[in-house]
Amino acid sequence: MAVRLCGFLLLAVLVSGLHASRPAVNQELSNLFNELWRLDVNRMKPGIDYTISVQGRAGYVNQGSHVVLDHASLPLFSNVNENKLRNITTFSLFMKLLDNYERSTGITERVTPEELTEINLFLDAVLETQVMKRAHQYLVSKGKSSSDSRQFKNQLNLIWFHLYHRQRNTGPDSCGFEHVFVGETKSGTEVIGFHNWVQFFLQEKNSHLDYKGYQGYTARDQDLVSSLHVGDNVCLARCDLSLPPQPDQDDHVLKLQFSWHGVVKPVGSAFIGTSPEFEMAIFTVVFLMNTERSTTVLVNIDQCQMELVVVRKGRCLGTAYPNLLSSNSRHVSQHAH
């Protein structure tokens with residue numbers, strides 16, 4: 001009993017610090033990103049362009065584990081309008097890039113002339129969208145980008161597509177685009193990156209990926225719970241580390257657990273339905289508006305409150321992903337009380 005109480009008190013202290021460490025909502029970026037959200041005419045509509053089945057909540061899994069209980073007997077995506085995907089220029093060109101990379105880190109990437117052409121066509125298409133034009137305009141106003149569209153394209157190319165070393169003692173084996181949108185494996189025991197819904201759907205369709213269920217905890221929360229060996233949900237609720245309700249079919253950000261080529265990702269997160277230009281735009285803005293190696297920005301987008309996490313790799317992007325905190329405007333109702 002004393003051990004249980006001690007664990008409860010320690011958890012309460014740690015969780016209190018966890019919530020206190022969250023930054024204040026960045027209202028300026030929230031306003032900008034909501035504008036980009038409204039401009040994202042290529043975003044796929046839930047229930048119309050795609051249907052998801054979130055099913056059960058996944059349990060805690062250690063990083064590197066190959067064995068995990070499956071809380072989702074069905075795929076996450078029960079339907080996606082692939083014809084529409086193929087007929088939207090940025091989606092179509094985006095999908096052509098997904099098979100250009102070595103899955104495992106430590107293997108030097110070789111970029112062919114054909115792949116360079118695919119990158120250029122994709123960037124040209126993204127720069128033609130109203131979403132990226134507005135992001136560019138904002139960055140120019142902040143002195144972070146040149147007003148010249150060619151120089152801005154070079155800047156995007158450096159951030160997202162320039163190859164660098166993710167694993168030592170190898171040639172350049174990774175880039176921001178590969179890590180965030182395609183996904184990588186490390187030492188055959190970890191899935192790293194992989195934060196894109198289109199890649200998730202395509203890999204699931206081809207039986208390379210197995211969805212295990214939605215995740216209630218963030219990776220940070222999981223580490224906290226694991227370190228204290230507390231399994232009592234009542235205790236967690238008293239500490240305000242409550243499990244969020246089951247996601248809705250129309251949620252545009254999900255936290256997921258899945259295996260990819262037999263390797264488990266305990267907690268992954270991704271926007272759902274959004275266009276590649278929207279995701280590139282918001283993460284590029286966060287990247288260029290900050291100089292720290294790791295940046296977390298708290299924003300409200302549509303009905304969701306989320307952290308946008310961006311990690312630099314020199315002048316390039318190391319990783320970027322959303323961390324959903326609340327959806328369906330629950331954060332608004334909580335403040336109202």
Side-chain angles (χ1 to χ4, degrees), residues 11 15 18 46-47 50-80 183-186 188-274 304 306-307 309 321-328 330:
L11 180 61
V15 172
L18 187 69
Y50 69 89
T51 307
I52 60 172
S53 176
V54 293
Q55 300 167 78
R57 186 176 69 232
Y60 174 78
V61 179
N62 284 312
Q63 183 67 265
S65 175
H66 286 270
V67 180
V68 56
L69 288 176
D70 196 339
H71 295 269
S73 60
L74 301 173
L76 173 65
F77 288 95
S78 53
N79 176 60
V80 173
E184 302 174 281
T185 57
K186 181 180 179 182
T189 60
E190 293 180 48
V191 176
I192 57 176
F194 204 130
H195 300 290
N196 181 256
W197 75 273
V198 176
Q199 171 72 339
F200 194 104
F201 161 67
L202 293 173
Q203 292 296 299
E204 189 174 55
K205 175 188 171 187
N206 292 321
S207 301
H208 300 315
L209 184 150
D210 185 10
Y211 172 60
K212 303 296 185 182
Y214 74 91
Q215 257 297 3
Y217 295 121
T218 63
R220 182 171 51 178
D221 291 343
Q222 285 216 66
D223 290 341
L224 175 62
V225 175
S226 176
S227 66
L228 291 171
H229 304 288
V230 178
D232 189 342
N233 282 348
V234 175
C235 175
L236 294 175
R238 288 173 182 167
C239 293
D240 195 28
L241 191 60
S242 55
L243 294 170
Q246 178 173 328
D248 292 334
Q249 307 293 318
D250 61 351
D251 279 0
H252 278 289
V253 183
L254 291 180
K255 285 186 284 195
L256 311 161
Q257 185 176 103
F258 61 93
S259 64
W260 186 38
H261 292 278
V263 183
V264 176
K265 184 157 180 97
V267 187
S269 60
F271 285 100
I272 306 294
T274 47
C304 296
M306 68 191 77
E307 294 173 330
V309 180
Y321 57 88
N323 174 29
L324 181 68
L325 300 180
S326 72
S327 60
N328 297 317
R330 291 187 185 98

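Using a 4.5 Å heavy-atom cutoff, the side chains of L324 and C304 are in contact. Under the 4.5 Å side-chain criterion, counting only non-hydrogen atoms from C-beta, Y214 is not in contact with L254. In this structure, the side chains of K212 and D70 come closer than 4.5 Å at one or more pairs of heavy atoms. Counting only heavy atoms from C-beta outward, the side chains of V54 and D251 never approach each other to under 4.5 Å. Between P247 and K255 there is no side-chain heavy-atom pair separated by less than 4.5 Å.
The nearest pair of heavy atoms linking Q55 to H71 is CB-O, 3.9 Å. Contact between E184 and W260 at its shortest, heavy atoms only, is N-CZ3, 3.6 Å. The minimum heavy-atom distance between L76 and L256, with the atom names listed, is CD2-CD2, 4.0 Å. Between E190 and V263 the shortest heavy-atom distance is N-CG1, 3.5 Å.
No donor-acceptor pair closer than 3.5 Å links the side chain of S269 to the backbone N or O of N323. A donor-acceptor pair under 3.5 Å is absent between the side-chain atoms of H195 and the main chain of A270, judged by distance alone. Of the possible polar contacts, none joining the T51 side chain to the S78 backbone as a donor-acceptor pair under 3.5 Å is found.
For K205, the salt bridge (Lys or Arg N to Asp or Glu O under 4.0 Å) partners two or more places apart in sequence, or in a different chain, are E82.
Note that CG of L209 and CZ of F77 are 10.0 Å apart. Values are rounded to the nearest 0.5 Å. Going from atom CZ of F201 over to atom CG of N196 covers 12.0 Å, rounded to the nearest 0.5 Å. With values rounded to the nearest 0.5 angstrom, H261 atom NE2 is found 12.5 Å from D210 atom CG. Here CD of Q257 is found 11.5 Å from NZ of K265. Values are rounded to the nearest 0.5 Å. Atoms OH and CD, on Y321 and E307 in that order, are 8.5 Å from each other to the nearest 0.5 Å. For the atom pair E204 CD and F258 CZ, the distance stands at 10.5 Å (nearest 0.5 Å).
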